[in-house]
Amino acid sequence: MTGTKTELSSKGLSAGSVGLIGAIVIGVSCIAPAYTLTGALGPTVAEVGIHLPAIFLIGFIPMLLVAFGYRELNRAMPDSGTSFTWASRAFGPWIGWMAGWGLIAATIVVLSNLAGIAVDFFFLMLSQMFGNNPEIAALASNPLINVATCLVFIGAATWISYRDMQTTQKLQYWLVGFQILVMIGFGIAAFVHVGNGTAFDATPVTWEWFNPFAVTSFSAVVAGLSLSLFIFWGWDVTLTMSEETKGSSSTPGKAATITVTLVVALYLFVAMGLIAFAGTGSTGVGLGNPDIQSNAFFALAGPVLGPLAILVSIAVLCSSAASLQSTFVSPARTLLAMGHYGALAPKFAKVSPRFFTPGYATIVSAIVAAVFYTVMRFISEDVLWDTITTLGMMICFYYGLTAFACVWYFRKQWFDSVRNVFFTFLFPLIGGVILGILFFTTLIDSMDPDYGSGSNIFGVGLVFVLGMVILVAGGIIMMVQAKLRPAFFRGETLSKDAPASIGRRRRC
């Protein structure tokens, strides 16, 4: 970053350093398709059988509708604060602050768990490299070794994220490219086995797989929508980079919709291939077998790819490691925006003078994620995994608020054109309502002590307790900030319906 003049955004970020392709790659990386699908495939098949593609399509709908709302908001006011900034402009500082808190809490939870997944697959890969040595794989179960390795992964991801966006993009091209190639190859190999008659339980692909009305269980449809929060979450990272993207008012929105569409196509292809190869039975490598559902890719890698099975472990490791690094983008830039507008301490608004990235916010995000993982890992693995279930509530919370922010912010323009009726009103409204219903449904269901891992506190499900602790903690911190920094909460630094402070603003 020396020798050339760098154009900066109003917050000091390097403007124009990310193109459309780079934003899509980082968006796909944050979703982490290889890591996500290997965990989601088995449990979902157990619920809906061969109708998995239909469930993926159902789950894709609210994500796409909300993405349309994000696109319109970004078109009118590109800002790295995304949910925080937009909800503040639509509803005022209090709701905006909590929307930002929801995003930060969700990403911190994911950062810690992605690091944990990377550790598991790192030792699994080493085990396969040295003759499937179970003792090496078992090292991931040792809390001290696990946490130490996890901290190394977080440290490496922090170092890359602290550097300029070009470094992030270069790394992501390799990691994302590799995992996608392996996933496509995995699907092709599965179909080849079916064609050659060597599949475990050959199941012909039919249109019935894609028929959502064939899923007769309402609970399965709800499960599919809930699943979408996990398997598609992360595309909004493309919007948090808006101030660093070429064409800040249009490119991030395009990147978000393209990212979601590409990922659902990848999920459908791989899922079809593996169902066609393994079937949905409950024995052997059938996808309905509960013994393989927690890691379906690993169980099917050998039968499908033979001696190349290790590529699957490497792909999932690359997926989780890539997502760990790219996921730092969202909380760091949201914290930067909150510091910039006076909603948090001014330190959070600091940008690295060398790399033009939110250095202080990135380091704080890393420290919180590392501490969170370390504490949760030593308390209980069940507690750690219940945080992932809690993640669903946080996603519903801030995605839903952002969708409603789109509807309300553009309320005077709803009927200016047919396009506005759909993209500023109808689509985000439907997406927000779906997420709102899922939020309250999960909230109620999670009170059951058997929900999630089955852990509970005084007879109340741990997932509910964790969700409430996160939201209440956000409320308490917000009240403290309101005392320390009243100007933001009086609407003086980021007022409702005010024009954005970013230089290149474009009328919707």
| Do Thr36 and Trp233 have side chains that get closer than 4.5 Å, going by heavy atoms? | no

| said: For Tyr70 and Tyr399, I'd like to know if the aromatic rings sit close, meaning centre-to-centre distance below 6.0 Å. | reply: yes

| Does Cys396 have any side chain to side chain contact (heavy atoms under 4.5 Å, CB included) partners at least two apart in sequence or in another chain, and if so, which? | Leu229, Leu435, Leu438, Phe439

| query | How far does CE of Met129 sit from CD1 of Ile136, to the nearest 0.5 angstrom? | reply | 9.5 Å

| said: Test of understanding: with side chain to side chain contact (heavy atoms under 4.5 Å, CB included), list the residues that count as partners of Thr149, not counting sequence neighbours. | reply: Val119, Phe122, Phe123, Ile145, Phe153

| said: I'd like to check Ile180 versus Val28 (side-chain heavy atoms, cut-off strictly below 4.5 Å). Are they in contact? | reply: yes

| Non-hydrogen side-chain atoms of Leu64 and Phe427 separated by less than 4.5 Å | no

Pairs of donor and acceptor atoms involving the side chains of residues 259-278, under 3.5 Å and at least two apart or interchain, shall be tabulated with distances.
| residue | atom | partner | partner atom | Å |
| --- | --- | --- | --- | --- |
| Thr259 | OG1 | Ala255 | O | 2.6 |
| Thr261 | OG1 | Thr257 | O | 2.8 |
| Tyr267 | OH | Ile231 | O | 2.6 |

| Which residues pass the side chain to side chain contact (heavy atoms under 4.5 Å, CB included) test with Leu305, sequence neighbours left out? | Phe186, Ala189, Leu308, Val312

Without placing hydrogens or testing angles, list every side-chain donor-acceptor pair under 3.5 Å for residues 100-108, not counting sequence neighbours.
| residue | atom | partner | partner atom | Å |
| --- | --- | --- | --- | --- |
| Trp101 | NE1 | Ile470 | O | 2.8 |
| Thr107 | OG1 | Leu103 | O | 2.9 |
| Thr107 | OG1 | Ile104 | O | 2.9 |

| message | Within the 4.5 Å heavy-atom criterion, are Val316 and Gln179 side-chain neighbours or not? | response | no

| request: Using a 4.5 Å cut-off on heavy atoms from C-beta on, say whether the side chain of Leu317 contacts that of Ser313. | output: no

| With Ala370, which residues qualify under side chain to side chain contact (heavy atoms under 4.5 Å, CB included), at least two apart? | Leu151, Ile154

